[in-house]
Amino acid sequence: MDASQAPSATFDGVGDVRSRLGATGYLADDATATVVHLSGRLGKPVLVEGPAGVGKTELAKAVATALDADLVRLQCYEGLDEARALYEWDYKKQLLRIQHATAGGGEAGWEDVHDDLFGEEYLLERPLLRALRAERDTVLLIDEVDKVDVEFEALLLEILSDFQVTIPELGTVRGRRPPFVVLTSNATRELSEALRRRCLYLHLEYPTIERERAIVAARVPDAPAALTDQVVRIVRSLRALELRKPPSISETLDWTRALIELGVQAVDEPALSATLTVLLKHHRDLERAMAHLGAMTRPEGEAER
């Protein structure tokens, strides 16, 4: 896409991005707000990279909510092909049509129906085509694009460059209303330079203590300030460990809600033992975390047993 193909629904400036995303509960920093604003104005997709759990997917959801747009999500995985991402034909419906046409007409009946088999009636839209042909404002989320192979990237290049795609049976399908496009990557595979060149780039890391505290306060407003501060400091310390899966921002929020639900006012060892599985999802991570956090949550002056 270029500036002439910019999405119809955009933001009025960097400040507007921060304000409207904030209203959805997503607290964007200056870099994020700037890239989101420019993406809409320039008609460029946003490629968001960073470790799992830093809010890449949530950004696309927040943009969709802020713009009152539909969210169309393509979840990428190894082996994803055009049939699952773009379109496929309703073969069962085509077969019924053939059977009906040839039942009484023989070869002549087949000739009558042949050209109709690849019409709109038999086309099954998948996420990419659905976003291209959407009538409403749309945010297209291509999630974990680093999981697809290089060949699939070629398909994305046509869509992201010209906002169109070629279907052999129908010809070239051009977008009706350009979507706001967000691609996310956990950087498990190096993406092609051709794909990167077509995008604005945004790298997200885990938030600072101050920003994560603000996120928790915004999303879990009934959490006491002291508990929120303790939670984000514990989470921050855990992310510094060599864990198999560091806690994500959403898991920080889940853990805070769990502590409130159980009436915990301050995190101590019993509270950790009871609730740490909300935050960590691997047994060895739990063992390492409990050993690390024991000293942090033990009352001052208590000797280690």
Side-chain angles (χ1 to χ4, degrees), residues 11-40 46 48-68 71 139 141 143 180 182 184 186 200-241 243 245-268 271-272 275-276 278-281 289 292-293 296-297:
F11 297 93
D12 293 330
V14 175
D16 186 45
V17 174
R18 296 193 67 167
S19 175
R20 292 166 70 179
L21 292 187
T24 73
Y26 191 98
L27 304 185
D29 57 18
D30 288 339
T32 301
T34 300
V35 170
V36 168
H37 168 62
L38 291 176
S39 173
V46 181
V48 191
E49 280 192 330
V54 296
K56 301 186 297 296
T57 300
E58 288 303 313
L59 175 60
K61 294 178 179 179
V63 169
T65 300
L67 294 176
D68 189 27
L71 178 69
V139 173
L141 168 61
D143 216 2
F180 190 110
V182 178
T184 74
N186 295 331
L200 299 182
Y201 182 73
L202 177 64
H203 183 80
L204 294 182
E205 279 292 349
Y206 291 113
T208 62
I209 287 178
E210 292 74 18
R211 184 162 174 264
E212 191 155 20
R213 188 188 297 119
I215 292 171
V216 174
R219 300 290 289 271
V220 193
D222 53 339
L227 179 63
T228 296
D229 184 70
Q230 190 181 19
V231 163
V232 298
R233 290 183 182 279
I234 288 174
V235 170
R236 177 82 170 185
S237 71
L238 290 177
R239 289 178 184 147
L241 301 178
L243 299 179
K245 184 192 175 301
S248 66
I249 297 173
S250 64
E251 286 163 333
T252 301
L253 298 172
D254 289 342
W255 191 37
T256 305
R257 296 186 183 106
L259 293 169
I260 293 173
E261 177 66 25
L262 296 175
V264 174
Q265 297 297 313
V267 181
D268 53 17
L272 281 174
T275 64
L276 201 56
V278 177
L279 196 62
L280 302 176
K281 310 300 168 62
H292 169 72
L293 296 174
M296 289 183 61
T297 57

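On a predicted model such as this, the values are computed, not experimentally measured, just so you know. Count residues from 1 along the sequence.
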Between [X] and [Y], is any pair of side-chain heavy atoms under 4.5 Å apart?
X      : Y      : result
Leu276 : Leu279 : yes
Val235 : Tyr206 : no
Val63  : Val182 : no
Leu238 : Leu293 : yes
Leu202 : Leu59  : yes
Ile234 : Trp255 : yes
Phe180 : Val36  : yes
Phe11  : Leu67  : yes

Heavy-atom pair of closest approach, residues [X] and [Y]:
X      : Y      : answer
Ala218 : Leu27  : CB-CD1, 4.5 Å
Ala28  : Leu21  : CB-CD1, 4.0 Å
Val264 : Ala271 : CG1-CB, 4.1 Å
Val232 : Ile209 : CG2-CG2, 4.0 Å
Ala64  : Val139 : CA-CG2, 3.6 Å

Supply the atom-to-atom distance [X] [atom1] to [Y] [atom2], rounded to the nearest 0.5 angstrom.
X      : Y      : atom1 : atom2 : answer
Lys245 : Arg239 : NZ    : CZ    : 9.5 Å
Arg219 : Asp254 : CZ    : CG    : 10.0 Å
Arg236 : Thr208 : CZ    : OG1   : 7.0 Å
Ile249 : Glu212 : CD1   : CD    : 5.5 Å
Asp16  : His37  : CG    : NE2   : 9.0 Å

- Does Arg20 use its side chain to pair, donor to acceptor, with the backbone of Ala66 at less than 3.5 Å?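 Between the backbone of Ala66 and the side chain of Arg20 there is a qualifying donor-acceptor contact (under 3.5 Å).
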- Task: Please check if the side chain of Ser19 supplies one atom and the backbone of Gly15 the other of a donor-acceptor pair under 3.5 Å.
- Result: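 No, the answer is negative, given that no donor and acceptor are paired below the 3.5 Å cut-off.
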- Message: List the residues meeting side-chain contact (heavy atoms from CB on, under 4.5 Å) with Glu205, not counting sequence neighbours, and say none if there are none.
- Response: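 side-chain contact (heavy atoms from CB on, under 4.5 Å) check on Glu205 returns Pro51, His203.
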- Item | Partner set under side-chain contact (heavy atoms from CB on, under 4.5 Å) for Val220, not counting sequence neighbours |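 So Val220 forms a side-chain contact (heavy atoms from CB on, under 4.5 Å) with Val216, Asp222, Ala223, Leu253, Thr256, Arg257, Ile260.
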- Item | Lys/Arg N to Asp/Glu carboxylate O, Asp143 vs Lys56, below 4.0 Å |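 Judged by the 4.0 Å cut-off on N to carboxylate O distance, Asp143 and Lys56 do not form a salt bridge.
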- Query: Glu58 and Ser250: side chain to side chain donor-acceptor pair (under 3.5 Å), yes or no, with the steps?
  - Reply: CA-CA 9 Å; Glu58 288 303 313; Ser250 64; over 6 Å; no
- Side-chain donor-acceptor pair under 3.5 Å between Thr32 and Asp29, yes or no?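 There is such a pair (donor and acceptor under 3.5 Å, judged by atom type) between the side chains of Thr32 and Asp29.
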